[in-house]
Amino acid sequence: MGRILITSALPYINGIKHLGNLVGSQLPSDVYARFARARGHEVLFICATDEHGTPAELAAAKAGEAVADYCARMWQVQKDIADGFRLSFDHFGRSSSSRNHHLTQHFAGRLADAGLIEEVSEKQVYSKADGRFLPDRYIEGTCPNCGYERARGDQCENCTKQLDPTDLINPRSAISGSTDLEVRETGHLYLRQSQLRDRLREWIDSKTDWPILTTSIAKKWLDDGDGLQDRGITRDLDWGIPVKKGDADWPGMEGKVFYVWFDAPIEYIAASAEWADATGQGDAAWERWWRTDKGADDVRYVQFMGKDNVPFHTLSFPATVLGSGEDWKLVDYIKSFNYLNYDGGKFSTSEGRGVFMDQALDILPSDYWRWWLMANVPESSDSNFTWEAFQAGVNKDLADVLGNFVSRVTKFARSRFEEKVPDTGEYGPDEQALIEDLTRRLKAYETHMEAIDLRKGAQELRGIWAAGNEYLQAAAPWALFKTDPDRAGAIVRFSLNLVRFYAVLSQPFIPDASRAMLDAFDGEDCAWPEDVSAALSSLTPGSAFTTPEVLFAKITDDAREEFSTRFAGTA
RNA sequence: GGGCCUGUAGCUCAAUUGGUUAGAGCAGAGCGCUCAUAACGCUUUGGUUGGGGGUUCAAGUCCCUCCGGGCCUACCA
């Protein structure tokens with residue numbers, strides 16, 4: 001058994017995330033983490049909130065709160081929702097933690113010592129009314145190219161032409177609308193990624209098993225134009241990690257903070273340190289996951305993220321890690337996802353279009369969402385959420401195939417065998433055939449899950465569930481009960497063992513339902529099956545069980561229509 | 001503008017990386033079963049693989065071209 005370090009891309013702090021955010025990193029990483037744990041691997045599963053940057057400051061201002069208070073509150077909100085979705089992080093940290101402050105400053109110091117930091121003086125737009133420098137896209141004005149009046153400082157959305165903020169006619173702050181803008185000189189630090197281009201390319205080229213979505217984005221940035229560009233890693237903001245060189249002040253950088261994309265990935269490491277702190281362990285506990293000179297050599301590190309995060313995880317963060325000259329663990333595998341759309345369009349926070357994580361839990365149990373989202377996870381291309389597809393998928397897979405199987409088996413056993421595992425009869429050829437079939441299917445399921453092909457994994461799991469119905473239909477214990485009750489008992493015993501078997505295998509996708517299924521049998525033994533035959537004989541004949549409640553109530557047409565209307569948005 | 005991804009049954013997706021007759025689930029049709037959440041099982045209809053051209057003994061897969069959908073393009077994160 002190995003050791004697997006798993007990180008989910010960090011959800012940004014400025015509000016509750018929608019299902020599209022959930023499906024691209026947090027949920028798939030959780031399914032994989034649960035699978036890896038169930039298989040006996042030692043797992044450290046890390047996530048955190050990404051708290052810095054202009055949008056966090058603006059969101060706090062809109063809420064009328066201090067940024068620190070706002071972030072603390074939203075962290076708790078996101079943590080509670082994550083718990084509601086049964087996301088099994090070993091630690092859910094905060095990028096604003098003192099651990100991350102120190103580690104980010106440490107990396108900056110190491111990079112400076114290695115000659116990989118350049119101090120650059122540049123001109124930026126300052127808004128007096130807002131009291132802040134404005135990022136390019138927070139400046140609006142008329143496009144000099146097409147005359148569109150709401151062009152942004154980085155690009156005109158109308159004609160797609162790339163712009164410089166100073167190109168705009170009648171520029172104004174997108175925050176306040178103020179036109180009282182001026183260009184000021186300000187000093188910033190740049191990470192000299194260009195110096196690391198060859199090392200990064202060599203590293204990327206060695207990753208022949210990565211998804212093409214991941215490597216193609218990385219190579220594009222390595223080769224585009226003049227090649228990999230140096231990148232500013234500081235900002236003129238109040239809320240963030242103060243620019244320091246290790247523990248020392250950085251002359252000329254007073255009052256500045258690190259750019260959110262510099263400190264956010266470092267939080268993967270810092271959150272692991274927070275985990276060690278929170279669990280009363282010393283530094284060695286987290287360093288053995290992250291330092292190859294301190295025991296992390298045998299760790300497999302897997303990252304999960306949406307495709308928009310790929311450049312930062314394939315280039316910027318590795319540049320930081322490599323450039324430090326220290327023995328930090330680099331990522332071994334990057335699983336990236338496309339986007340989930342909502343009923344043919346995008347999820348929209350501003351228009352209230354689509355389903356947000358808190359709303360999802362308000363209307364249906366987390367297992368429903370977990371199952372459908374993973375069975376339809378956008379692995380190969382963008383996928384689409386519709387209420388019709390969601391209703392059909394949940395009702396068919398969870399209620400009809402799995403839930404009804406559990407129901408028909410346990411209720412039959414209750415009415416004919418006194419709610420006990422029958423101890424009569426022997427398994428015969430039918431059971432042997434299903435054991436052989438399930439042995440093949442289990443192997444396929446494990447192979448898909450190890451490769452993080454979650455859609456295929458879900459499909460195989462569904463096939464495993466369906467095999468139970470096929471067996472039961474052919475064995476027909478309700479008919480045999482009248483002529484050969486002992487044999488009927490063996491069939492029911494086998495079927496009850498199937499329920500327990502399904503509970504164990506399904507746990508990565510639908511942990512709550514799995515728990516309910518195991519609880520029917522005093523389910524202490526939930527070990528992953530090494531041998532299907534043994535696993536299907538594990539219930540003690542003659543022992544009592546409890547008939548569970550309906551596992552999955554169906555989504556009615558009325559409910560579906562109500563949801564569809566409620567989440568359609570304002571636009 | 002540039003780069004990348006993508007187009008396969010009514011719908012959602014596969015196809016061992018160029019190799020037999022392109023497969024699953026859902027939806028539809030028919031039959032069976034009565035333990036079960038009107039659930040389950042069996043059978044079955046349905047494809048000029050976006051259009052056109054090319055390479056090859058062989059193309060869904062490789063090349064060219066056209067058409068459609070999407071993403072990224074470095075100061076939103």
Side-chain angles (χ1 to χ4, degrees), chain A residues 9-14 21 50 52-56 58 122 124-125 133-139 152-155 159-162 164-165 174 188 193 211-213 215-217 219-221 223-225 228-232 235-236 259-261 264 306-312 315-316 338-339 341 346 375-376 378-384 386 388-389 392-393 395-401 403-416 453 455-456 458-460 462-463 466 468-479 481 488 491-492 495 549-554:
Chain A
L10 309 186
Y12 198 67
I13 195 70
N14 67 340
N21 299 116
D50 177 16
H52 299 135
T54 308
L58 298 180
E122 57 190 20
Q124 279 197 344
V125 174
F133 282 94
L134 297 176
D136 289 355
R137 73 167 48 201
Y138 282 100
I139 304 163
R152 295 186 320 217
D154 56 343
Q155 187 178 38
C159 67
T160 73
K161 186 177 171 60
Q162 308 249 355
D164 196 81
H188 281 297
Q193 299 182 136
I212 192 165
L213 180 67
T215 51
S216 65
I217 293 172
K219 286 180 178 173
K220 154 75 171 163
W221 281 47
D223 298 325
D224 193 35
L228 187 60
Q229 300 295 298
D230 295 342
R231 194 173 179 102
R235 292 291 183 272
D236 289 294
Y259 175 42
V260 58
W261 260 118
K307 55 185 167 184
D308 52 329
N309 273 235
V310 168
F312 305 99
L315 301 167
S316 307
N338 289 286
Y339 291 143
N341 291 317
K346 292 183 192 301
N376 297 278
E379 281 175 324
S380 56
S381 64
D382 292 353
S383 64
N384 192 31
T386 64
E388 289 76 13
N395 286 355
K396 191 69 195 175
D397 297 347
L398 295 183
D400 293 348
V401 176
N404 182 56
F405 177 77
V406 173
S407 195
R408 66 196 296 206
V409 169
T410 54
K411 286 181 180 172
F412 185 71
R414 178 175 63 185
S415 64
R416 302 291 199 281
D453 280 334
R455 225 171 155 134
K456 289 180 182 173
Q459 191 174 19
E460 192 60 51
R462 186 194 184 282
N469 281 315
E470 293 168 24
Y471 161 78
L472 201 59
Q473 194 67 32
W478 48 88
F481 186 77
I491 293 167
V492 170
S495 300
E549 297 299 308
V550 167
L551 282 180
F552 304 100
K554 291 195 187 191

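These numbers come from the heavy atoms of this one structure, side chains and all, not from hydrogens, waters or symmetry mates. By convention in this document, chain letters (A, B, ...) are assigned in the order of the sequence lines, proteins followed by strands, and residues within each chain are numbered from 1.
Distances shown here put a side-chain N or O of A:R231 below 4.0 Å from the OP1 or OP2 atom of B:C75. OP1 and OP2 of B:U6 both lie 4.0 Å or more from every side-chain N or O belonging to A:Y339. Taking 4.0 angstrom as the limit, A:R137 places a side-chain polar atom (N or O) nearer than this to OP1 or OP2 of B:C76. Contact annotation: A:K396 does not reach the phosphate of B:A39 (side-chain N/O to OP1 or OP2, under 4.0 Å).
A distance of about 36 Å separates the C1' atoms of B:G7 and B:G41, rounded to the whole Å. Separation of the C1' atoms belonging to B:G51 and B:U44 is 32 Å when rounded to the nearest angstrom. Only the P atoms considered, B:C11 is 32 Å distant from B:A58, to the nearest whole Å. Taking atom P in both B:U6 and B:U34, one finds a spacing of 50 Å when rounded to whole Å. Using atom C1' as the reference point in both B:U55 and B:G18, the two lie 12 Å apart (nearest Å). On the P atoms, B:U48 is 23 Å away from B:A29, given to the nearest whole Å.
Between the NZ atom of A:K456 and the P atom of B:A14 there is a distance of 7 Å, rounded to whole Å.
Checked by atom type, the side-chain pair A:R235/A:Q124 shows no donor-acceptor distance below 3.5 Å.
Each of B:C76, B:G32, B:U37 was ranked by its minimum atom distance to the side chain of A:P135; first place goes to B:C76. Proximity note for A:L551 (side chain, C-beta onward) versus B:A74, B:U37, B:A77: the nearest is B:U37. Of the candidates B:G41, B:G70, B:U37, the closest approach to any side-chain atom of A:N469 belongs to B:G41. Nearest to the side-chain atoms of A:F312 among the listed nucleotides B:A77, B:C42, B:G25 stands B:A77.
Aromatic stacking of A:F412 on B:C35: not satisfied for centres closer than 5.5 Å together with planes under 30 degrees.
Taking the six-membered ring for Trp and thresholds of 30 and 60 degrees, A:F481 and A:F412 have ring planes more than 60 degrees apart, a perpendicular arrangement.
You'll find the side chain of A:E460 stays beyond 4.5 Å of the side chain of A:D453, heavy atoms only.
Among the atoms of the strands shown, base atoms are found under 4.0 Å from some heavy atom of A:Q124.
You'll find a donor-acceptor pair under 3.5 Å spanning the side chain of A:E122 and the base of B:C75, going by distance alone.
Between the side chain of A:N469 and the main chain of A:V401, a donor-acceptor pair closer than 3.5 Å is present.
With the nearest nucleotide of RNA chain B identified for both A:Q459 and A:N384, A:N384 has the one nearer the 5' end. Between A:H188 and A:S383, it is A:S383 whose nearest contact on RNA chain B lies nearer the 5' terminus.
Going from atom CG of A:L228 over to atom OG of A:S316 covers 7.5 Å, rounded to the nearest 0.5 Å.
Regarding the sugar-base torsion, B:U17 falls in the syn class, its angle being within 90° of 0.
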